[in-house]
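Here's the structure we're looking at; comments come further down.
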Amino acid sequence: MTTNITFTMLKPDAVEANNIGPILAMINKAGFTIKAMKYLRLSKEQAGNFYAVHKERPFYGELVDYMSSGPIVAAVLQKNNAVADFRTLIGATDPTKADEGTIRKLFAKSIAANAVHGSDSDENAANEANFFFSGLERF
Ligand code: UDP
Ligand code: MG
């Protein structure tokens, strides 16, 4: 299994605020290479399946509604230590707790509308990349 990739989404708030360009620039500047990318809007069902691990959590319904509320950018990123380094680059889930200079500190609107997704393990990175991309769409 590939262990040097992670999966990200630029969430509806980041797209709506015209922050695709600045966020991708930060991702590239931090040393990540884009291995796959697409611009799409998730259905409620697709968002629910993507976040199925959070089904029992109180914010699940709101999260699914939010993530299907507008277009997103989905991407597979490559770098040594990709999962951990990307979590460092994006910062804490709650932007009020995110370190200065992180993507969420700079761009997130709230704990729900927090600009970006980042995988939390190599296993989930592989699963999440496969959820969005076929082999033909990955480079
Ligand atoms: N989320 C939320 N309220 C919370 C915690 C999480 O709306 O109290 C949303 C938020 O968009 C977050 C996503 O659910 O990014 C997934 O939660 P997780 O704990 O996996 O945070 P992440 O891995 O994205 O930092
Ligand atoms: Mg998570």
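Here the structure is a predicted model, which means the values were calculated and not measured. Read the numbers this way: they start at 1 and go in the same order the structure lists the ligands and their atoms.
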Take Asn114 and Lys109, measure what side chain to side chain donor-acceptor pair (under 3.5 Å) needs, and give me the verdict at the end. CA-CA 6 Å; Asn114 60 0; Lys109 308 283 186 251; over 6 Å; no
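Listed for the Asn130 side chain is a donor-acceptor partner under 3.5 Å among the backbone atoms of Ala126.
Interatomic distance, NZ of Lys38 versus CE of Met9, reported as 13.0 Å (0.5 Å rounding). Note that NZ of Lys44 is 14.0 Å distant from CE of Met67, once rounded to the nearest 0.5 Å.
The heavy atom nearest to atom 6 (C) of ligand 1, considering only Phe59, Tyr66, Tyr60, is found in Phe59. Ranked by closest heavy atom to atom 15 (O) of ligand 1, the top entry among Lys11, Arg87, Glu62, His117 is Lys11.
Counting protein heavy atoms only, atom 10 (C) of ligand 1 is closest to Ile111 O, 3.2 Å. For atom 25 (O) of ligand 1, the nearest non-hydrogen atom of the protein is Thr93 OG1, 2.5 Å. Counting protein heavy atoms only, atom 9 (C) of ligand 1 is closest to Leu63 CD1, 3.8 Å. Nearest protein heavy-atom contact of atom 20 (O) of ligand 1 is His54 NE2, 3.0 Å. When hydrogens are left out, the protein atom nearest atom 11 (O) of ligand 1 is Ala112 O, 2.8 Å; that is the closest non-hydrogen contact.
Every atom of ligand 1 is numbered from 1 in the order shown, and the set under 4.0 Å from a heavy atom of Asn114 is 10 (C), 11 (O), 12 (C), 15 (O). Interface of Arg57 with ligand 1, defined as ligand atoms under 4.0 Å from a residue heavy atom, comprises 19 (O).
Ring planes of Phe50 and Phe7: tilted class, angle from 30 to 60°. Taking the six-membered ring for Trp and thresholds of 30 and 60 degrees, His117 and Tyr51 have ring planes more than 60 degrees apart, a perpendicular arrangement.
A salt bridge links Asp85 and Lys79; the closest N-O separation between the charged side-chain nitrogens and carboxylate oxygens is under 4.0 Å.
The closest approach between any non-hydrogen atom of Arg104 and ligand 1 is below 4.0 Å.
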